[in-house]
Amino acid sequence: MAGAAVLGTRAAIRTGAGLVTVASAENVVQVMQNSVPEATCRVLSDEEGVLARSSIFEIARLVKDKTALAIGPGLGSGGDVRDVVENVVQEYDIPKVIDADAVNAMADNAELLREKKGEIILTPHPKEFARLIGVSLATVLKKPLELAQAFAQEFGVVLVLKGATTIVANADGETCMVAAGSPGMAKGGSGDVLTGVIGGLLAQGLGAFESAVKGVYIAAMAGEYAAEDMGEYSMTSMDECDRIPKAMKEMVCGCGCGHTHSCDDLVPEMEPEPAPAIISETGREDRPRLDEESAEEPERVKVITQEIPIIKPEKTAEQAIAEIEEKEKTQEFKKDENDDGPGPDDPRPDGSTRRRIG
């Protein structure tokens with residue numbers, strides 16, 4: 001399912017990941033190169049569109065210089081997908097997000113996580129979580145908080161159990177419940193966006209638990225903004241993805257301006273402008289002070305200013321032309337006074353003279 005890969009990749013880029021590489025089957029890569037030109041793409045071995053076992057060695061070469069990895073959205077099932085997922089969990093010592101079909105590939109095999117390398121974040125919805133731990137969906141819905149906490153501590157992972165209130169639990173017993181988002185997010189693709197957001201934060205160096213909590217909040221707020229603009233019925237997962245920048249600004253600064261200051265501090269009153277500085281002959285900046293006995297300021301770079309003379313023309317072009325014409329008329333008038341009559345070389349039959357201007 002190439003669309004899931006597109007959403008996850010776009011979300012990771014929007015969240016701030018510097019370079020995102022998509023490794024998948026050839027038919028998916030063709031879609032990616034047209035849909036997300038910012039991403040680099042690598043073709044993996046596949047059999048009828050599903051990753052083949054030989055792709056394990058190809059992934060190993062690609063992961064060497066990466067800072068985070070996400071697997072699952074649109075991955076499909078069957079074939080050698082289970083082997084590929086197991087290899088990713090056990091072999092690469094970088095933080096990983098495991099979602100969707102990658103979680104399904106671990107169904108009834110959660111013990112695999114005891115042999116993991118690197119920090120792992122799992123992001124199942126209730127039905128996927130039920131398959132993972134081998135219980136009914138009704139059981140998960142009855143006590144989601146207790147099961148999420150127990151699972152995270154048992155296997156030493158960060159678990160993001162998605163829902164109207166998303167539960168984020170880690171191995172240390174810390175739990176965060178994020179009650180944000182919109183009912184319009186209950187559509188295919190929202191989970192893929194969340195995977196991309198969390199993966200993008202991991203790639204920038206945040207810890208697993210922090211990336212999960214902030215990622216859930218950013219994706220939820222992007223969904224709320226999409227609902228405001230498009231309506232809950234009409235919004236799509238791509239609309240969520242396009243509003244990640246607005247949610248990111250809110251994370252940095254409450255007013256959405258993108259600054260790191262506290263907006264509440266700036267609204268009531270602005271800081272007074274500094275008193276004008278006077279540059280003395282010693283090159284030090286002398287400024288009025290409240291405490292005249294305070295320590296002297298350090299020497300500053302001496303500022304030397306020099307006025308550059310402005311060169312102005314003595315006369316304008318119109319004035320120069322007028323003077324030339326006036327001079328020509330004067331010369332012509334004087335010549336006429338001194339001319340007694342037509343000469344043999346005068347080209348004009350009436351004997352008048354006129355100075356030619358070339």
Side chains of [X] and [Y], donor plus acceptor under 3.5 Å:
X: E86; Y: N109; answer: yes
X: T195; Y: D192; answer: no
X: S77; Y: D101; answer: no
X: Y92; Y: N87; answer: yes

Considering only NZ, NE, NH1 and NH2 on the basic side and carboxylate oxygens on the acidic side, decide whether [X] and [Y] come within less than 4.0 Å.
X: D46; Y: R53; answer: no
X: R114; Y: E154; answer: yes
X: D229; Y: R243; answer: yes
X: E250; Y: K246; answer: no

Contact check, side chains of [X] and [Y], non-hydrogen atoms, under 4.5 Å:
X: F151; Y: L132; value: yes
X: L206; Y: K214; value: yes
X: M238; Y: V6; value: yes
X: L122; Y: F155; value: no

Linking Ile, Leu, Val, Met, Phe, Trp and Tyr by side-chain heavy atoms under 4.5 Å, what else ends up with M1?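 Reading the cluster by chain and number, M1 sits alone, since nothing else belongs.
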Going by chain and number, the hydrophobic cluster around L141 (ILVMFWY, side chain to side chain under 4.5 Å) further includes L137
Minimum heavy-atom separation for S237 to S190, with atom names? OG-N, 3.1 Å
Could you give me the CA-CA distance, side-chain angles and deciding distance for S24 and M32, then say whether side chain to side chain contact (heavy atoms under 4.5 Å, CB included) is met? CA-CA 10 Å; S24 190; M32 291 298 304; over 6 Å; no
Show your working on side chain to side chain donor-acceptor pair (under 3.5 Å) between T175 and Q149 and close with a plain yes or no. CA-CA 7 Å; T175 302; Q149 290 174 325; 2.9 Å; yes
Under 6.0 Å from the CD atom of E48, do we count more than 12 heavy atoms belonging to anything else shown?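 Not more than 12 within 6.0 Å, no.
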For V29, side chain to side chain contact (heavy atoms under 4.5 Å, CB included) partners two or more places apart: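 So V29 forms a side chain to side chain contact (heavy atoms under 4.5 Å, CB included) with Q33, C41, V43.
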Report yes or no: does Q153 contribute a side-chain atom to a donor-acceptor pair with the main-chain N or O of N170 at less than 3.5 Å? no
